[in-house]
Amino acid sequence: MASVTLDSVTVDFPIYNVNSRSLKKQFIRLTTGGALNNDESHKCVVVKALDNVSFHLEHGDRVGLIGHNGAGKSTLLRVLAQIYEPTAGRIHFDGKVSPLLDVMLGINQESSGYENIILRGLLLGLTRDEIMQKTAEIAAFTELGDYLSMPVRTYSSGMQLRLAFGVATSISPEILLLDEVVGTGDAAFMVKAEKRFNELIEQSSVVVLASHSNDVIKRICNKAILLEAGKVKYFGTIEKVFAHY
Amino acid sequence: MNNIPTKTRTALAFTDIKDGFSKWNIWILLSWQDIRMRYRRSTLGPFWITLSMAITIYTMGLLYGHLFKMELAHYYPYLAASMLGWSLISSLLTDGSGIFIENEHFLKQIKLPYITFILRATARNFIIFFHNIFVIIPIIIFFHVSVNLFTLLFLVGLLVIWINAITFGTILAILGTRFRDITQLINSLIQVVFFLTPVMWSPAILPEKYQYLVKLNPFAQFLELLRNPLLGTPPSAYAFAVTLAITLVGIAGSFFIFARYRARITYWI
């Protein structure tokens, strides 16, 4: 029974220009009291990526994040993944968070398929024993056979995606975070991948999904959050939110 | 919603460090992967590192031994032990400032303790060091360098350097993420430090009134901690005292900086 609570979460992004990125230029500015290099360009612009966001998600919630580009969908996912710690406000999780923001994360070209299963499994928070138990099942799903002993650089891009998808979806998440659902390989494999993907979602207690495809969100989610310029514009059941969108 | 517990910066930093060390299977695996990526598809594999180090030491020894008019039986072991230590220290320093930048794709996609990446870079450089160390074996045999109980002290030296690599690596990595010109700055400083530190030359050939140049150089003390045991002699009490003091300052300083800026790292990337 996982749950997530956000209490007035704000994320401010500093946007640095070349000068404020340079220690040398900062040093010149300090030592000369701003007499040199005083072109105001050292000032740093702050962008409010999330503004006072509060909501509560409970077991059974499948939440779609919708909004235009730059509305804060990815930032919100990264805050939920604990990658960005909010500049203000608080978050509380009951349950383990599993972010699947980039399916290809940690896939190494020089390592074999099996070695990649181990590394990716460890990154997903599995223990070595758990990975060993799952390896046969993952191998069967990817249909890569003997290729799994070969370096990943010998794979086609479709095969690489199959491997990455196979490992990434082998977990049993409590709170699952997804950034755009990926398409995988040929048509026959797509059917299989979709089945596995749906199983993954069914197993999860809470799912948060960001997508530009309204169809995907309508199919998977029962709730939605409409973001606009970093603010929650609307949060509610899927039908009500789309009525506002 | 007022029942959300808040943790202090110190507690969060401490958790990060603890979790980072406990994820040893991740950082060791990633550091081996780094080695493999660097020498992929070459027949000798990582032993290219050993070979290039061997060529450097064996040719430099011959040239500089004659230039400094030193007996080769003494100069060769000295140079080999110094170069091994120096290559470890200098590569840790040059890698340090780029640690978080090179791990951007991890830091932005998944929550892992920040310390994991510091430990990854440190482990990678230590693996290279353990490849390099083979270079000194023929020298020890050929020039009859004494191997005794003091030789084991080199493990103590390695431990001290490992701790400092983590603490100062953390400081450099945080600075390097915020200020992107740190890497160039360190690369040019390291050249100067190489000539100022007794790597190629022995402190013995320096006149008495200039000995303070070696005494005041912290790198010379860390180097002594590795070099002397490899040559079968104990490091001086002075070297131990200086490195111990630097280690303690480094632990305190890096923890303070890490606790203060930890949450900002992903924002700066």
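As a basis for the values below, the full set of heavy atoms in this structure was taken, side chains included, without hydrogen atoms, waters or symmetry mates. Reminder, nothing fancy here: chain letters follow the sequence lines and each chain counts from 1.
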Top contributor to chain A contacts, counting heavy-atom pairs under 4.5 Å, from B:Lys108, B:Met37, B:Arg178: B:Arg178
Contacting moiety of B:Leu29, where chain A heavy atoms sit under 4.5 Å: side chain
Gap between atom CG of B:Leu112 and atom CD1 of A:Ile83 - 0.5 Å precision: 9.5 Å
Polar side-chain atom of A:Ser22 near backbone of B:Asp181 as donor-acceptor pair, under 3.5 Å: no
Under 4.5 Å from a heavy atom of chain B, the part of A:Leu123 involved: both
Other residues, nucleotides, ligands: >12 heavy atoms within 6.0 Å of B:Phe14 CZ: no
Side chain proximity check, B:Leu30 to A:Leu119, heavy atoms < 4.5 angstrom: yes
Distance-minimising heavy-atom pair for A:Gln82 and B:Lys111: O-CD, 3.1 Å
Short side-chain to backbone donor-acceptor contact, A:Tyr16 and B:Phe179, under 3.5 Å: no
Interatomic distance, B:Leu107 atom CG to A:Arg78 atom CZ [nearest 0.5 angstrom]: 10.5 Å
Contact winner vs chain B - A:Asp102, A:Leu105, A:Leu101, heavy-atom pairs under 4.5 Å: A:Leu105
Per-residue contact mode, B:Ile265 against chain A (heavy atom under 4.5 angstrom): neither
Per-residue contact mode, A:Leu23 against chain B (heavy atom under 4.5 angstrom): both
Gap separating the OH atom of A:Tyr84 from the CZ atom of B:Arg264, nearest 0.5 angstrom: 10.5 Å
Nearest non-hydrogen partners of A:Ser111 and B:Gln33, listed with the distance: OG-NE2, 3.5 Å
Side chain, backbone, both or neither of B:Lys23 within contact of chain A (heavy atoms, under 4.5 Å): neither
Pairwise side-chain contact, B:Leu12 with A:Glu85, heavy-atom cut-off 4.5 Å (strictly under): yes
Interface moiety of A:Glu115 toward chain B, non-hydrogen atoms closer than 4.5 Å: side chain
Region of A:Arg21 that comes under 4.5 Å of a non-hydrogen atom in chain B: both
Atom CZ of B:Phe134 with >12 non-hydrogen neighbours under 6.0 angstrom: no
A:Lys231 atom NZ, over 12 foreign heavy atoms within 6.0 Å: no
Over 12 non-hydrogen atoms of neighbours within 6.0 angstrom of CZ in B:Phe168: yes
Closest contact, heavy atoms only, B:Tyr267 versus A:Thr87: OH-N, 4.0 Å
B:Phe256 atom CZ: more than 12 heavy-atom contacts under 6.0 Å: no
Euclidean distance, A:Leu122 CG relative to B:Trp24 CH2, rounded to 0.5 Å: 9.0 Å
Straight-line distance of A:Thr127 OG1 to B:Asn25 CG, nearest 0.5 Å: 9.0 Å
Interchain contact, A:Ser74 with chain B, by part (heavy-atom threshold 4.5 Å): neither
